[in-house]
Q: 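Structure provided below as structure tokens; questions to follow.
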Amino acid sequence: MADDVRELLLSTTADADPSTPLSAPDLRLLIDRLRIRSDRLHASALSFASSHRAPLAAALLRAADSSASSSSLESSLASALAPLSSSPGLSDLRELSDRLLAARRELRERQEHLAAASSVADLAARLRAARASPDPLAAAAAAAELKPLLVDPEGSGSSQDEPVVFGLLRNDWEQLVDELQVMLAKNLEECVEFAPEGGKVMVRTAPVGKSGGTPGVELRVALQALEIIDAVDYGMTKLADLMIKHVLVPAISNISVAVSVEALEKSGPQYPISILCVTPTEELQGYKDGSALYSRIIDIIKFVCETICGENITWMQSFSKLTWSRISDLVIKHFISKAVPHEASKLIEFQDVVRSTTEFENTLRNMMFISHEKRDGKLTQFVDDVEVHFAVRKRNEILVKARHLLVHYDYDNPLASHDREDSIVDLLFLPEKCFISKSALQLMKLVHGALKDACLSSARVAKELCYAARDALLLYKAIVPVQLEKQLDSINQVAAIIHNDFYHLSQEILGLAFEYRADFPGDLQKLVVFVDLAPTFSQMADGVLTRQIQLVTANLIEAIDGADGFQNTHQPQHYESAKFSIEQVVFILEKIHIMWESILPRSIYKRSMCYILGSVFSRITKDMLLIDDMAAEETLQLQGLIHLALENLSSLFLSLVENEFLDHQTWIELDEIIRPLKKFRKLAELLDMSLKSITAAWESGELTNCGFTSSETFSKCITKLRHA
């Protein structure tokens, strides 16, 4: 009906928004349509009732009859219950019902108690039967059947709600199992006999005599009984210990031994006997790849599998669980650890050990002696990691050696060594030699040794060795400047040697790539680089030398300052002061000359000394040219001081050129490499020249070529005019 009204609404407002309120005409139209629809439905209902009058009348009659019957039943039930509700015996009936329920409950509880008592009696009887049984298999089977009845599967121990008798039965069961374990284990010990001197084991299929006062059972039966009560490990424990002690230790720890197996047939009352012997042999069986050792161990394990375990997988795995870890440790201790090479070049040969070890474990897996789990692959894990262990150990050894020689080298007496010539090395990229410390020399030997080993090693080892070489070089940079901080902050021969060390190392580092990279394993040729270290070491060398030049220059300037500008040298006191200053300058320069010439590379020595001499001559020339008024005697004194300096520095000058004498050509060469020297020497002439000569020299450009400026030349001319 709601849908019909909605349709009438939509038809009425077809062109309007459905959310818009209806107007009065629309509402009247809607009411008319609803009235028409209602009349139609009423007419339709009357038409249906008229056409189906008989069925409708019958249905109404049946409904009236049902209603009358229900009312009659209700009144009958009420009449029947009325006497009960007013009867005085109702309470007795209820009491009788309660007593009946209580009796049934008590009967049920007594039946449960009787069943429990029967169960206890049955369990006790079964325990007594198991204990009295002469057959260990039957006793073990009975104990196994009783286990789920007496032991909580989720954990041992008694429940707080169980009867005390069950705890007593459980104790009896545990005692029975313990007795079986002890008896069966003792039986195993009597079946397997070890020689007191070691190296021999005798296995019988059954013990001779009685075991613990009872007839012994066959070895196979004893193990079956132990398996039934889940006690194979218990029975095998002592047997495994004795097998390790008396058989496996001699077989693994000794090189020259042989394993032999002998089977004796049944003879009389004796059972068949199998004997395994580990005997010394005169033939020296070197371990080499370990195949001989592994073959001996496999023979021993096969003997155990066949004679003791009867090729039963469960028993074999129990023996393995008790022995394999110790066997692995013995093999590692007595063979693999000794086979690990001490040199990287021998690592390739160690691959034979890796191969034979892998084959050994695979053979044991095929025998079901060990599993495929990682914990049982102890030997292969060890040999696979030998390269890594070797590389890490080698890297640590290199760094320890490098640190030791850097820290303990005697830098205070670097030239005192008797084999000093060994410390004079050729520079890699310059046709020169220089003196380096023994520490740097030995450090480079370590680096070259590590890289040579890297070329002969696998990628993993080579990577560690290359990084060890880098770290060793960086150790020099980290340790030496800090350890020799005081020497580097003073004018010291050690500082010059440290400069050479850094300079030499920087050049050697540049050459490492050319020397070794092509021989590195393919993966490392692009991964490992050394060239990035070279600029750092070169900068360290420049820094050390620059600091020394600064210290020397500062001392020279301080000595020159003592001359007080070289003024009034015609007075004795001032002349002596100026002369002492020149002598101090000469002394410092000669000291540096002696310290550096035999140590620094010639090109660096020449460049450094020329810079220092240039700064000295520039300063002295500047001070002398700044003298305003100069007496004739004073010019002679200054001229003498200049000649004094030049004469006393003759050996230093000759160390800078290839000539043996200070001739005219030598002075020309010196003027070229020490530009201020030419001006300094010309100043000596200028002090003795006339005004006319000075003018002529200026006009000819001679003074300009020597570095004199117009103001300096004019100043000298004024001085000459004053004394003309």
Side-chain angles (χ1 to χ4, degrees), residues 337 340-348 350 382 385-411 414 422-423 425 428 436-485 487-488 494 497-513 515-517 519-521 523-541 544:
S337 61
V340 175
H342 296 282
E343 299 297 332
S345 58
K346 302 293 184 179
L347 278 176
I348 296 178
F350 190 78
F382 188 90
D385 292 340
V386 159
E387 282 191 342
V388 177
H389 297 322
F390 169 81
V392 173
R393 183 185 69 185
K394 196 70 176 177
R395 179 177 182 177
N396 291 336
E397 288 177 359
I398 291 172
L399 295 180
V400 168
K401 289 180 181 178
R403 185 182 182 280
H404 182 269
L405 66 90
L406 292 175
V407 171
H408 295 90
Y409 179 70
D410 184 12
Y411 289 94
D422 294 340
S423 295
V425 297
L428 197 58
I436 64 173
S437 66
K438 289 290 184 182
S439 62
L441 192 65
Q442 294 171 5
L443 180 66
M444 282 311 303
K445 287 182 180 179
L446 274 178
V447 170
H448 283 293
L451 296 180
K452 287 178 181 177
D453 288 343
C455 295
L456 302 174
S457 305
S458 63
R460 288 193 297 179
V461 177
K463 182 179 178 180
E464 292 294 332
L465 292 176
C466 289
Y467 285 146
R470 281 180 60 92
D471 292 344
L473 292 169
L474 291 173
L475 275 179
Y476 187 94
K477 175 178 173 288
I479 293 175
V480 174
V482 176
Q483 186 177 355
L484 303 179
E485 184 178 3
Q487 289 90 328
L488 296 179
V494 174
I497 295 175
I498 299 305
H499 161 270
N500 286 357
D501 286 354
F502 276 114
Y503 192 68
H504 171 69
L505 292 176
S506 69
Q507 297 220 338
E508 288 291 321
I509 289 170
L510 287 173
L512 293 178
E515 188 172 358
Y516 296 107
R517 177 172 293 177
D519 297 325
F520 283 161
D523 296 340
L524 294 182
Q525 291 183 2
K526 294 182 179 180
L527 180 63
V528 178
V529 294
F530 291 91
V531 69
D532 60 307
L533 300 179
T536 301
F537 280 78
S538 180
Q539 291 171 6
M540 293 293 293
V544 172

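We use all heavy atoms of the structure for the numbers below, so side chains are in, but hydrogens, waters and symmetry mates are not.
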Q: Calculate, to the nearest 0.5 Å, the distance between atoms OG1 and CG belonging to Thr536 and Leu505 respectively.
A: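 Between atom OG1 of Thr536 and atom CG of Leu505 there are 12.0 Å.
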Q: Say whether, by atom type as modelled, one donor and one acceptor occur between the side chain of His408 and the main chain of His404 under 3.5 angstrom.
A: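 Present.
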Q: Let me confirm one number: the OH-CD1 distance from Tyr409 to Ile479, rounded to the nearest 0.5 Å.
A: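 Atom-to-atom, Tyr409:OH and Ile479:CD1 are 15.0 Å apart.
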Q: Would you say that Phe530 contacts Leu451 through its side chain, given a criterion of any heavy-atom pair below 4.5 Å between the two side chains?
A: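 Side-chain contact under 4.5 Å: yes.
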Q: Is there side-chain contact between Val531 and Ile509, with heavy atoms separated by less than 4.5 Å?
A: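 No, their side chains stay 4.5 Å or more apart.
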Q: Could you state the interatomic distance from CG (Leu405) to CD (Gln442), rounded to the nearest 0.5 Å?
A: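 Reported to 0.5 Å precision, the distance equals 5.5 Å.
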Q: Hey, what do you get for CG (Leu533) to OG (Ser538), rounding to the nearest 0.5 Å?
A: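 Going from the CG atom of Leu533 to the OG atom of Ser538 covers 12.5 Å.
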Q: Determine the minimum heavy-atom distance between Ser437 and Asp501, stating which atoms define it.
A: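 What the structure gives for the nearest pair is OG-OD2, 2.6 Å.
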Q: Heavy atoms only: give me the nearest Ala472-Leu399 pair and the separation to one decimal.
A: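 In this case the closest contact between Ala472 and Leu399 is N-CD2, 3.7 Å.
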Q: Should the heavy atoms of other residues, nucleotides or ligands under 6.0 Å from CZ of Arg403 be counted, would the total exceed 12?
A: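 Check fails, neighbour count at 12 or below.
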Q: Given side chains that start at C-beta, do those of Glu515 and His448 come closer than 4.5 Å, heavy atoms only?
A: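 A side-chain contact under 4.5 Å exists here.
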Q: Who pairs with Phe502 by ring pair (Phe, Tyr, Trp, His ring centres under 6.0 Å), at least two apart in sequence or on another chain?
A: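 Expected list: Tyr476, Phe537.
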Q: If I take atom CD1 from residue Ile436 and atom CG from residue Asn500, how far apart are they, to the nearest 0.5 angstrom?
A: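 Going from the CD1 atom of Ile436 to the CG atom of Asn500 covers 8.5 Å.
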Q: Could you check Arg393, Lys394, Arg395 and say which one makes a salt bridge (charged side-chain N to carboxylate O under 4.0 Å, His left out) with Glu464?
A: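 That would be Arg395.
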Q: Which heavy atom in His499 sits nearest to a heavy atom in Ala541, and how many Å separate them?
A: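 So the two residues come closest at CD2-O, 3.0 Å.
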Q: Identify the heavy atoms of Val529 and Arg470 that sit nearest to each other, and give their distance.
A: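 Distance-wise, the nearest heavy atoms are O-NH1, 2.6 Å.
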Q: Suppose we screen for salt bridge (charged side-chain N to carboxylate O under 4.0 Å, His left out). Which residues come up paired with Asp519, at least two apart in sequence or across chains?
A: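 For Asp519 there are no salt bridge (charged side-chain N to carboxylate O under 4.0 Å, His left out) partners, ignoring immediate neighbours.
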Q: At what distance, to the nearest 0.5 angstrom, does CD of Glu397 lie from CZ of Phe390?
A: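 Going from the CD atom of Glu397 to the CZ atom of Phe390 covers 8.0 Å.
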Q: Which atoms form the tightest heavy-atom contact between Ala454 and Leu465, and what is the distance?
A: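 Result for this residue pair: N-CD1, 3.6 Å.
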Q: For a quick test of reading the model, state the closest non-hydrogen atom pair linking Val407 to Gln483 and the distance between them.
A: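 The pair with the smallest heavy-atom distance is O-NE2, 2.9 Å.
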